[in-house]
Amino acid sequence: MASRFRLRPAQRLRRNADFVTIRRSGKPYRCSFFALYSKIRKSEDLELTMARIGISASKRVGNAVERNLVKRRFREIFRLSQHRIEPKADIVISIRAPAVEASYEELEQRFKHALKYNGLLRQSQTPSARRRREG
RNA sequence: CUUUGGAGCCAAGCGUUCGCUCCGUUGUUCUUUUUUAUCGGGGCGAAAGCCUCACGGAAUUUCGGAGAGGAAAGUCCGGACGUCAUAGGGCAGGAUUCCUCGCGAAAGCGAGGGCGUCUCGUUUCAAUGCGAGGCGACGGAUAGCGCCGCAGAAAAUAGGUAGCCUUUUUUGUUCCGCAAUUGCAGGACUUUGAAGGUCAUAGUGAAAAGGUGGGGUAAGAGCCCACCGCCGUUUCGAGUAAUCGAUCGGGCAUGGCAAGCCCAAUCCGACGCAAGACAAAAUAGGGGGCCGGGUUGCCCGCCCAUAAAGCUCCGGGUAUGUCGCGUCUCUUGAAAAAGGGGCCUGCGCUAAUGCACUCGAGAUAAAUGAACGCGUCUUCUAAAAGCUUCGGUUUUCAGAAGAACAGAAUCCGGCUUAUCGGCUCCAAAGCUAG
RNA sequence: AGCCUCGUGGUGUAAUGGUAGCACUAUGGAUUCUGGUUCCAUCUGUCGGGGUUCGAGUCCCUGCGAGGCUG
């Protein structure tokens, strides 16, 4: 299991209530590309062992093709960096219009900075272990 | 060969690594019950319950298969399908509109023809005729209502402002005749007013009440005539028809606008998959209103209900899952559902019925992606070489940028809009060579 | 996804098919020692395209934009 990075349906936020609560009471991080809200789940929820993400793109971002492209890029970024994220974290990303023009590398850099800013990085993980997994 | 136009087709390729959705398949683990409904088999047990196994479900895993469009878009039309306790009638509302034929379930599309209009060429003094091309939401303006600003005399059953003409009145000039300084009578011109005739003429306007020519008249006028135009339930002929031609009649009545209201003909029940169905959860039945409620916006009619319920508003609560989600049929099954086959498309074989391959998305905070590499095309920049009529042009190499419009959401048929390019065919024009 | 409504100066809002107005704002000037108030003048517009009509803000078609409703 540890040799691959999957993105299961259990790792995605699918309820409107989750979006509302995280957006209302989560910790915000804002930049020109997106706004990130994060919240650490309580320890009672033992079934969920992984971080969850939900991506929201309104119609102001662009047409359907552009919205889907940005959402796919953020899913890919989350998938490839999920081992570094606190497992009890719930993340909601609201995409803003300039993200359509941004490249994949820019989005990845901003996302990692947002993780560090909100304190969502996993403490026990080391960079050497990450390199071993990718190899 | 180039350019333009039309029609049709495609929607940039390959490889590696990782990833997503669905289906089938191989294992593993958990679950098989709390609520609702009578609900699998076996064992223990008085019962509650416990253990175990199958079907099923969930998570994960092996292998294999499939996975956005010509417009998926806009939601402009038409259907399928579902619901409304039937869908009947009338009114209202909406859609369509030259004729014929073809395709289609319908919308719509295509071909041909007719008519109108515009442009060009040609003919004619001109009107007009002929030819080519473009455009046309192209039924009806003698069914009715309404509107036609400004300008202009007048804008719609014609009327009469100026002007013209006749009669009469007044003023003046002049001519002629008679008597002879002056007067009388008459004619012509002019001026003022009145009555009448008339609309050819009018610095307008989008449009001026048939046009041109001639006769006629006091002046004029379809008042009359010729030609052209117009109208007609005249007749004849051609054509399936729209319509056209000839003839006869009518002196002309009938301005334009129906993408103003409207009239005629034909058609349309309403709402839309967030339609709706099932299951579960929550509320534990609060307060106000209607006595009826539903069926189409309204009326009739119909259906349900008759004092309990129903409907509606406010407040509170829940806002989750499955189906609907190609379609038909067969089998299994009580049902739900599952499985198989056909329908569709392309190609091959057979004389044919047929046979074989393929049968292509069902996501639901919404799946097709990310990274790297190779090659192709276009543009730009820089360099080298060849040809040159010194304007340029061709080839090679390097670098950079770009490779469209755009993402299924119940499905299908059209319409419209967006779109980098590539290929094939047809037509026209130009250039070069034979 | 389905359905509905609306686009007029910078803003708000009028206009039976017949010269596109009103108020606020902005700019300039006058008044004042200065500012405000007041007065005068100016600027700025029918969402784009096509059609019907003599003539479209209005009527019709089509696109664009904005807003809303339906669980």
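To find a chain, count down the sequence lines: A is the first, B the second, and so on, and within it residues start at 1. Side chains are part of it too, since the values below use all heavy atoms of this structure and drop only hydrogens, waters and symmetry mates.
In this structure, B:rC374 forms a base pair with B:rG13, meeting either the Watson-Crick or the G-U wobble geometry with both donor-acceptor distances under 3.5 Å. Across all strands shown, B:rG8 forms a Watson-Crick or G-U wobble pair with B:rC423, both key distances being under 3.5 Å. When both pairing distances are held under 3.5 Å, B:rC84 makes a Watson-Crick or G-U pair with B:rG269. Across all strands shown, B:rA418 forms no Watson-Crick or G-U wobble pair with both distances under 3.5 Å. C:rU5 and C:rA66 make up a base pair, with Watson-Crick or G-U wobble contacts both under 3.5 Å. The partner of C:rG18 is C:rC54, by the rule that a Watson-Crick or G-U pair needs both atom distances under 3.5 Å. If you check B:rA155 for Watson-Crick or wobble pairing at under 3.5 angstrom, you find it has no partner at all. Pairing for C:rU37 is absent, with no Watson-Crick or G-U wobble pair whose two atom distances lie under 3.5 Å.
As a whole-Å value, the separation of A:L80 CG from B:rC18 C1' is 8 Å. Residue A:R79 contributes atom CZ, which lies 10 Å from atom P of B:rC18 at whole-angstrom precision. Between the NZ atom of A:K71 and the P atom of B:rA363 there is a distance of 16 Å, rounded to whole Å. In this structure, A:I91 atom CD1 and B:rA365 atom C1' are separated by 15 Å, rounded to whole Å. Atom P of nucleotide B:rG19 and atom CD1 of A:I53 are separated by 18 Å, given to the nearest angstrom. In this entry the distance linking CG of A:N68 with C1' of B:rG369 reads 11 Å, nearest Å. Atom CZ of A:R72 is separated from atom C1' of B:rU368 by 7 Å (rounded to the nearest Å). Per the geometry, CZ belonging to A:F74 stands 14 Å off P belonging to B:rA366, to the nearest Å.
Inter-residue side-chain proximity for A:F33 and A:L107 is flagged as met; some heavy-atom pair is nearer than 4.5 Å. In this structure, A:L115 and A:I85 have side chains that are in contact, with non-hydrogen atoms separated by less than 4.5 Å. For the pair A:F111/A:S81, a side-chain contact is recorded, criterion being any heavy-atom separation below 4.5 Å from C-beta on. Contact annotation: the side chain of A:I91 never approaches that of A:Y37 to less than 4.5 Å [non-hydrogen atoms, C-beta and beyond].
For A:Q109, there are no side-chain contact (heavy atoms from CB on, under 4.5 Å) partners two or more places apart in sequence or in a different chain.
Nucleotides B:rC77 and B:rG94, compared at atom P, are 13 Å apart to the nearest Å. When the P atom is compared between B:rA258 and C:rG55, the two are found 12 Å apart, to the nearest whole Å. Only the P atoms considered, B:rG82 is 23 Å distant from B:rA107, to the nearest whole Å. Comparing the P positions of B:rG74 and B:rA418 gives a spacing of 15 Å, expressed to the nearest Å. Comparing B:rU29 with B:rC55, their P atoms sit 15 Å apart, to the nearest whole Å. Spacing of C1' atoms, C:rU19 relative to C:rG57, comes out at 14 Å, to the nearest Å. The same atom, C1', is picked in B:rC231 and in B:rA209; the two are 16 Å apart, to the nearest Å. Taking atom P on both B:rG317 and B:rG339, the two are 44 Å apart, rounded to the nearest angstrom.
Residues A:L69 and A:I55 fall into different hydrophobic clusters, defined by Ile, Leu, Val, Met, Phe, Trp and Tyr side chains chained together at heavy-atom separations under 4.5 Å.
At the heavy-atom level, A:R75 lies under 4.0 Å from the strands shown only through sugar-phosphate atoms. Here A:L69 lies in heavy-atom contact (under 4.0 Å) with sugar-phosphate atoms only.
Cation-pi geometry between A:K27 and A:Y117 is satisfied (NZ or CZ under 6.0 Å from the ring centre, within 45° of the ring normal).
When all heavy atoms of A:P28 and A:N118 are compared, the pair lying nearest together is O-OD1, 3.9 Å.
Each of A:S56 and A:E76 has a nearest nucleotide on RNA chain B; the 5'-most of these lies closest to A:S56.
Applying the 4.0 Å criterion to OP1 and OP2 of B:rC20, one finds that A:R73 has every side-chain N and O outside that range.
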Provide a list of protein-nucleic acid N or O atom pairs under 3.5 angstrom, restricted to nucleotides 66-68 of chain C.
none

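Screening residues 68-78 of chain A for salt bridge (Lys or Arg N to Asp or Glu O under 4.0 Å) gives A:E76-A:R79 as the qualifying pairs, with residues at least two apart or on separate chains.
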